Structures are given as structure tokens and as C-alpha cells.
Amino acid sequence: MAKIKKIQTQFGKDCRISSLKGVKFIDFKNQNKISRIVAKEFLNSKNKKIIKKCIICRSNKIKPATTVLGIKFAQCKRCAHVFNKHHYDNNFLKKFWKKKGDIINVHSHSNQQKYRSNFLSKPKVDLILRYAKNKKNLNWLDLGCGNGEFLFSAKKSGVKPYGFDLNSRDVKLARSKGLNVFQKNINEFYEYAVSKNIKFDIASATGYFDMVNDPNKEMEILNRLIKKGGILMIDLPDFNSVTHEMIRGFPSESIRHLNACQRSSFTSKSLLFLLKQNGYKVLFRWHYGLDFYMIMNYLNQKNKYFQNTNAMRIMTKRFSEFQKIFDKEKGSDTLFFIAKKIKG
Ligand SMILES: [Zn+2]
């Protein structure tokens with residue numbers, strides 16, 4: 001009898017928080033401001049419709065989940081998926097990502113980007129490559145690749161880097177790094193890949209499947225692009241986390257997640273459902289996140305003088321240790337899976 005292989009699991013990721021994110025009152029305030037601006041855009045959008053079926057498993061058994069800055073989220077009783085209660089017009093979304101997407105991206109400056117690439121992207125790239133069976137001439141596709149920060153790390157490992165994104169400024173930046181990045185959606189990118197006869201050994205999606213209207217449809221197209229035995233990395237926010245509990249408790253000061261532009265907030269149950277339904281087997285899960293940063297956020301937004309306290313100094317300095325407790329308790333806010341395409 002075949003042995004059932006357990007999913008490999010890893011806990012914690014060292015993080016120098018002050019190099020990754022702002023830790024001053026104004027940084028938290030600005031992130032909150034961005035969440036508010038985005039929420040307002042979506043609340044004012046025309047032609048939105050209420051979603052009546054779960055966008056992952058199509059069940060019609062749905063209950064209210066939470067409301068953040070006026071944006072309502074619903075949860076499927078069957079697969080536990082959480083999603084924005086409204087379906088927004090495609091033209092609105094396209095316009096939002098082309099222009100307004102910029103306001104979401106402005107908060108990381110260049111020294112933060114350097115840290116991100118060395119300390120955050122590279123460990124992930126190395127990990128993914130460990131699971132890719134043939135190590136030479138690999139084609140790598142990054143879905144919704146942004147400015148190509150992650151893809152650039154992949155390129156340095158010797159793979160052929162491809163990506164697409166709707167934000168024009170990001171695409172320009174990515175192309176300036178020598179990456180094959182296009183201002184296209186997945187459909188348009190698929191047409192391009194077919195015309196060039198390109199198939200992929202590896203695909204990565206950071207904060208992508210939670211942003212698209214129909215994750216199953218995206219998966220279907222991705223499945224035509226990725227080879228059998230190919231590797232898919234998915235990295236997105238986990239609704240069942242300390243961070244999301246805090247946002248639900250204090251929605252008016254929320255930052256980072258349950259943003260209006262998020263179409264979905266996955267749970268591990270709903271992400272596993274999506275992967276299994278589309279022919280993937282999960283090989284690896286990593287528990288890490290920035291939940292402790294959310295505690296720092298709320299304390300700082302409550303009192304702007306908190307940024308100068310010894311408490312804040314200690315929390316900033318020992319961030320990784322505090323966060324590791326949430327990781328080990330499986331309460332952290334990132335769903336990070338590496339899966340293998342085993343069907344079709
Ligand atoms: Zn469902």
C-alpha cells in the first residue's frame with residue numbers, strides 16, 4: 001500500500017520589520033488612508049451586483065462574514081471561502097488597476113525594496129526551485145507580477161522570467177529589469193504564450209487569486225499554460241488569522257488586508273478546495289506573517305506618541321520573536337502553499 005506523504009510544514013520567517021515596513025505613526029496612518037480611499041472607490045462604483053453563489057465551490061449557502069470600512073464580505077458555509085459581497089463591473093476594475101492601483105503601491109520606498117528582494121523573495125525562490133524537478137531552462141510565470149521584484153529574484157537563479165500585470169507603471173519598471181513582463185490580463189497573456197509556444201514549469205502567484213473575480217476561471221487558463229508535473233506557488237492572506245480577527249475587531253483603523261480591492265479572502269479550506277478541484281496536490285505549507293505588525297498598528301493609531309515609547313522600540317527590535325509565537329500557533333496571516341500539478 002502506498003504511503004500517504006504528509007505535507008511538509010515550516011514555521012516562522014525572520015523579518016527586520018523596520019526595513020520592510022514603516023513603523024512610525026505617519027506610516028500606519030498613511031496605510032489606513034489608502035484603505036479608506038480604496039474602500040470609497042469601490043463603494044461609489046456603479047453597476048455592482050450582489051453575488052449569490054460562492055465563487056469557489058458555487059454553493060448558494062452563504063452567510064455574512066464581516067464589514068470593513070463599509071465593504072461587506074460574505075462567507076460560504078460549505079468551503080469556508082470569504083468574498084466581497086459585490087461583483088464589480090469589469091471596466092471599473094480595469095480602470096482601478098490601471099490608475100488607482102498606483103495608490104496601493106506607493107508606500108514602499110527603494111531601500112525597503114532592496115530588503116524585500118534579498119530577504120523575502122530569495123528564500124521563496126530557492127524553496128520553489130527545490131520542488132521543481134528539472135532544474136535547467138525553466139520557464140517561470142509570475143501572475144500579477146507588479147514591478148517584478150519577485151520575478152527579478154527568480155531571474156537571478158537562472159530561470160526564464162515571464163509575467164503580466166495591469167498596472168502600467170509597474171510593467172514599465174519590471175521591463176526595465178530585463179523581465180518578459182506585459183501589460184495584459186491572464187487571457188491576453190495566454191494568447192501571447194500560445195503564439196510563442198511557451199509552456200511553464202513554475203508559476204507563482206503572490207496576492208493574485210484574492211484579487212481576481214473568478215479564481216476558478218483563472219486556474220483553468222493557468223492550467224493550459226503550466227506543464228503537467230509543474231509547480232505552483234500561491235501566497236495570499238489567510239482569513240483565519242490573528243490579523244483578520246484584529247481587522248474585524250477594529251475595522252476603522254484597518255490596514256493591509258480585507259481591502260476593498262480584494263475580491264476574496266481565502267481560508268486554508270477554500271484554497272485547498274480550489275487547488276484540488278483544479279488538479280493540484282499540495283507539497284508544502286509555510287506559516288508566517290505580519291500579525292504582530294497589526295498590533296503595532298493599532299497601538300500607534302490610538303496614540304501618535306506611542307511611536308516614541310520603549311515598548312515600541314522593543315516590539316520593533318524583537319519583532320521576529322513575537323511573530324514566531326503566532327506562526328507556531330498557526331495563527332499567522334499568510335497562506336503559503338507549494339503545489340504540484342498532478343492532473344491534465
Ligand atoms: Zn464555497
Side-chain angles (χ1 to χ4, degrees), residues 21 27-56 62-76 81-108 143-144 146 165-170 185 205-215 218 235-241 243-267 270-271 289-290 293-294 297-298 301 333-335:
K21 294 222 161 241
D27 301 313
F28 294 108
K29 209 70 200 161
N30 281 341
Q31 290 180 72
N32 181 242
K33 199 171 136 197
I34 290 167
S35 300
R36 285 171 188 278
I37 294 170
V38 173
K40 211 172 154 193
E41 285 284 325
F42 277 77
L43 284 171
N44 290 338
S45 81
K46 303 224 161 44
N47 307 325
K48 50 179 181 278
K49 290 185 193 116
I50 289 182
I51 297 174
K52 300 215 167 90
K53 279 186 178 174
C54 169
I55 61 171
I56 298 296
I62 289 164
K63 60 179 181 182
T66 186
T67 303
V68 180
L69 301 174
I71 301 290
K72 290 188 166 74
F73 290 88
Q75 183 163 34
C76 170
H81 192 61
V82 175
F83 48 95
N84 193 308
K85 207 179 153 190
H86 288 99
H87 178 91
Y88 300 87
D89 181 70
N90 269 334
N91 280 332
F92 165 78
L93 290 177
K94 215 170 174 180
K95 258 190 213 155
F96 176 83
W97 286 111
K98 256 186 188 161
K99 294 230 173 72
K100 291 289 194 302
D102 288 345
I103 56 172
I104 299 167
N105 296 333
V106 288
H107 60 264
S108 84
L143 292 82
D165 202 283
L166 291 177
N167 186 276
S168 52
R169 202 181 61 157
D170 276 347
N185 62 26
T206 304
Y208 181 79
F209 285 100
D210 53 329
M211 296 294 178
V212 295
N213 268 335
D214 189 345
E218 303 273 330
D235 179 339
L236 40 74
D238 187 345
F239 184 77
N240 288 330
S241 64
T243 285
H244 288 72
E245 271 179 351
M246 282 191 278
I247 295 172
R248 289 153 72 188
F250 312 97
S252 54
E253 285 99 25
S254 87
I255 59 168
R256 302 180 63 233
H257 302 321
L258 291 175
N259 241 300
C261 54
Q262 247 177 282
R263 313 267 38 81
S264 288
S265 184
F266 280 84
T267 62
S270 69
L271 184 54
L290 294 177
Y293 184 68
M294 293 301 277
N297 165 53
Y298 290 116
Q301 285 201 59
D333 68 343
T334 308
L335 273 173

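On a predicted model such as this, the values are computed, not experimentally measured, just so you know.
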Are the side chain of Asp170 and the backbone of Gly146 linked by a donor-acceptor contact shorter than 3.5 Å?
-> no

Between Ile51 and Ile62 the two heavy atoms that sit nearest each other are O-CD1, 4.4 Å

So Arg256 and Asn297, side-chain contact (heavy atoms from CB on, under 4.5 Å) or not? Walk me through it.
-> CA-CA 10 Å; Arg256 302 180 63 233; Asn297 165 53; over 6 Å; no

To the nearest 0.5 Å, atom CG of Leu271 lies from atom CG of Leu236 at 5.5 Å

Distance-only, no hydrogens or angles: does the Lys72 side chain make a donor-acceptor pair with backbone N or O of His86 under 3.5 Å?
-> no

pair Gln262-Pro237: side-chain heavy atoms closer than 4.5 Å = yes

How about Leu258 and Phe239: do any of their side-chain heavy atoms sit closer than 4.5 Å?
-> yes

Is it the case that more than 12 heavy atoms not belonging to Phe250 sit under 6.0 Å from its CZ atom?
-> no

Distance flag, aromatic centroids of Tyr293 and Phe28, threshold under 6.0 Å = yes

Are Ile56 and Phe83 close enough that some pair of their side-chain heavy atoms sits under 4.5 Å apart?
-> no

Verify the distance criterion only: is there a donor paired with an acceptor across the side chains of Ser264 and His81 at less than 3.5 Å?
-> yes

Spacing of CZ belonging to Arg263 relative to CG belonging to Leu93, to within rounding of 0.5 Å = 5.5 Å

Show your working on side chain to side chain donor-acceptor pair (under 3.5 Å) between Asn90 and Asn213 and close with a plain yes or no.
-> CA-CA 9 Å; Asn90 269 334; Asn213 268 335; 3.3 Å; yes

Find out whether Thr67 and Pro251 are in side-chain contact, i.e. whether some heavy atom of one side chain is under 4.5 Å from a heavy atom of the other.
-> no

Does Ile247 reach the side chain of Tyr298, with side-chain heavy atoms less than 4.5 Å apart?
-> yes

OG/Ser241 to CE/Met246 distance, rounded to the nearest 0.5 angstrom?
-> 8.0 Å

Answer yes or no: is there a side-chain heavy-atom contact under 4.5 Å between Leu290 and Thr243?
-> no

Considering only heavy atoms from C-beta outward, does the side chain of Lys85 approach that of Ile71 to under 4.5 Å?
-> no

Worked verdict on Arg36 versus Ser252 for side-chain contact (heavy atoms from CB on, under 4.5 Å) | CA-CA 9 Å; Arg36 285 171 188 278; Ser252 54; 4.0 Å; yes

CD of Glu41 to NZ of Lys95, rounded to nearest 0.5 Å, is 10.5 Å

Starting at CG of Asp235, measure out to CZ of Phe209 and round the result to the nearest 0.5 Å.
-> 12.0 Å

Please state whether the rings of Tyr88 and Phe42 are parallel, tilted or perpendicular, taking 30° and 60° as the class boundaries.
-> perpendicular

Which residues share a salt bridge (charged side-chain N to carboxylate O under 4.0 Å, His left out) with Asp238, sequence neighbours left out = Arg285

Do you know which two heavy atoms are closest between Val68 and Ser254, and how far apart they sit?
-> CG1-OG, 3.6 Å

With distance as the sole test, does Asn259 use its side chain to make a donor-acceptor pair with the main-chain N or O of Cys261 at under 3.5 Å?
-> no

Distance-only, no hydrogens or angles: does the Ser35 side chain make a donor-acceptor pair with backbone N or O of Gln31 under 3.5 Å?
-> yes

Flag the pair His244 / Thr66 as yes when at least one side-chain heavy-atom distance between them is below 4.5 Å, and no otherwise.
-> no

Between the CD1 atom in Ile255 and the CG atom in Asp27, the distance rounded to the nearest 0.5 Å is 9.5 Å

Under 3.5 Å, side chain of Gln301 to main-chain N/O of Glu253, donor-acceptor pair present?
-> yes

